[in-house]
Protein chains: 2
Amino acid sequence: MAGTKTLRKEEYSISELAAEFSITPRAIRYYEEVNLLTPHRNSKTTQRMYTRRDRARLKLILRGKRFGFPLVEIKEMIDLYDVDPTEKEQLRQTVAYGDRRLGEIDEMIRELQEIREEIFEFRNRFLEVLEGEEA
Amino acid sequence: MAGTKTLRKEEYSISELAAEFSITPRAIRYYEEVNLLTPHRNSKTTQRMYTRRDRARLKLILRGKRFGFPLVEIKEMIDLYDVDPTEKEQLRQTVAYGDRRLGEIDEMIRELQEIREEIFEFRNRFLEVLEGEEA
DNA sequence: TCGTAGTTTTACGTTGACGTTAACGGAAGC
DNA sequence: GCTTCCGTTAACGTCAACGTAAAACTACGA
């Protein structure tokens with residue numbers, strides 16, 4: 001089985017991607033409008049074709065959305081993957097940006113754990129009441 | 001110092017609350033429009049007055065917003081605090097709702113930790129490059 | 001008592017993130 | 001060749017979550 005890699009498509013059409021992620025083609029085109037995706041065109045200026053890299057970016061976009069980040073901020077974050085590693089100043093700024101984001105994310109995790117605790121305790125209190133009645 | 005509790009205001013005006021949470025009075029009134037807050041009126045149908053309980057609810061609203069929850073869902077979650085503990089069916093449904101939310105939140109925490117890892121590694125890789133140059 | 005600062009309702013405006021429709025083009029199956 | 005799906009652009013519509021502006025009321029300190 002040497003050389004057996006999970007066979008993956010190289011390119012995707014817009015509706016293939018849309019179906020895979022349960023969104024609409026319109027949404028994907030919109031992400032292109034705001035420069036979050038830059039698919040190339042196939043067969044002489046017609047269909048958009050999405051590479052695995054485009055697909056990966058789309059995944060990141062949707063992940064950001066799940067946390068309520070606006071698309072502009074999602075773009076900022078995703079663009080970190082494209083920083084030129086020879087530009088010292090850019091690197092420095094990126095590191096600083098990353099540090100800020102890390103702080104935010106740690107805070108979010110903290111808060112989420114709080115929320116989890118609250119819901120959990122509420123749930124249990126209610127469950128106890130129910131199980132008390134059961135007897 | 002017995003009986004010394006941190007002196008807290010009993011009631012707040014709309015702009016006091018707005019200032020405290022760095023939002024606008026309009027936003028607070030909007031939350032009332034969608035039944036997320038129900039301040040009482042003081043001195044004959046004029047000013048809205050917010051109790052500490054209202055203030056607590058506002059805090060919860062803003063916390064929900066930080067995670068991108070729409071106001072309707074935030075309302076669902078906050079209303080858990082007001083479930084009638086004598087209504088068995090309501091309790092049962094609330095427990096089920098809580099379980100669903102707990103699942104979601106666990107997933108969010110997991111994802112956030114992933115994101116944290118990614119940013120962290122990126123940051124470190126960049127930092128290494130910078131420190132290499134330093135020498 | 002007057003000014004000014006805060007509050008009220010009403011109502012229209014705005015922004016982000018798409019949804020929806022129209023009008024068209026190419027390809028594929030019959 | 002015709003229909004039936006994709007796909008394309010362009011343009012207008014929509015919904016949530018407020019922003020903003022107008023016009024009136026009230027509260028309060030100098």
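Order of the sequence lines sets the chain letters (A, B, ...), proteins ahead of strands, with each chain counted from 1. Predicted, not measured: the structure shown is a model, and the values here were computed from it.
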Please give, in whole Å, the distance from D:dA17 P to B:Asn35 CG? 13 Å
Main chain of B:Leu36, side chain of B:Arg57: is a donor-acceptor contact present, judged purely on distance under 3.5 Å? yes
Could you tell me whether B:Glu104 and A:Arg66 have a side-chain N and a carboxylate O separated by less than 4.0 Å? no
Less than 4.0 angstrom between a side-chain N/O of A:Ser13 and OP1 or OP2 of D:dC6, yes or no? no
Which whole-number value in Å describes the distance from B:Glu11 CD to C:dT7 P? 14 Å
Please confirm whether A:Arg125 makes a cation-pi placement over A:Phe122, using NZ or CZ under 6.0 Å from the six-membered ring centre and within 45° of the ring normal. yes
Send over the distance from B:Glu73 CD to D:dC15 P, rounded to a whole Å. 18 Å
I want to check a possible cation-pi pair here: A:Arg123 against A:Phe126, using under 6.0 Å from ring centre and within 45° of the ring axis as the test. no
Can you measure A:Gln47 atom CD to C:dG26 atom P for me and round it to whole angstrom units? 11 Å
Interatomic distance, B:Arg48 CZ vs D:dA27 C1' [rounded to whole Å]: 17 Å
A:Ser15 side chain, from C-beta outward: closest of D:dT8, D:dC6, C:dT9: D:dC6
Measure CG/B:Leu17 against C1'/C:dT7 and give the value in whole Å, please. 14 Å
Rounded interatomic separation in angstrom, taking CE from B:Met49 and C1' from C:dG6: 12 Å
Check this for me, if you would: do A:Glu89 and A:Arg92 make a salt bridge, where the nitrogen-to-carboxylate-oxygen distance has to be below 4.0 angstrom? yes
Can you tabulate the close N/O pairs, meaning under 3.5 Å, that link protein atoms to atoms of nucleotides 17-21 of chain C?
residue : atom : partner : partner atom : Å
C:dA17  : OP1  : A:Leu71 : N            : 2.8
C:dC18  : OP2  : A:Tyr31 : OH           : 2.7
C:dC18  : OP2  : A:Lys65 : NZ           : 3.1
C:dG19  : OP2  : A:Thr24 : OG1          : 2.4
C:dG19  : N7   : A:Arg26 : NE           : 3.2
C:dG19  : O6   : A:Arg26 : NH2          : 3.0
C:dT20  : O4   : A:Arg26 : NE           : 3.3

Ring-face cation of A:Arg100 near A:Tyr97 (centre distance under 6.0 Å, axis angle within 45°): no
Taking atom P of C:dT9 as reference, at what distance in whole Å does atom CZ of B:Arg41 sit? 5 Å
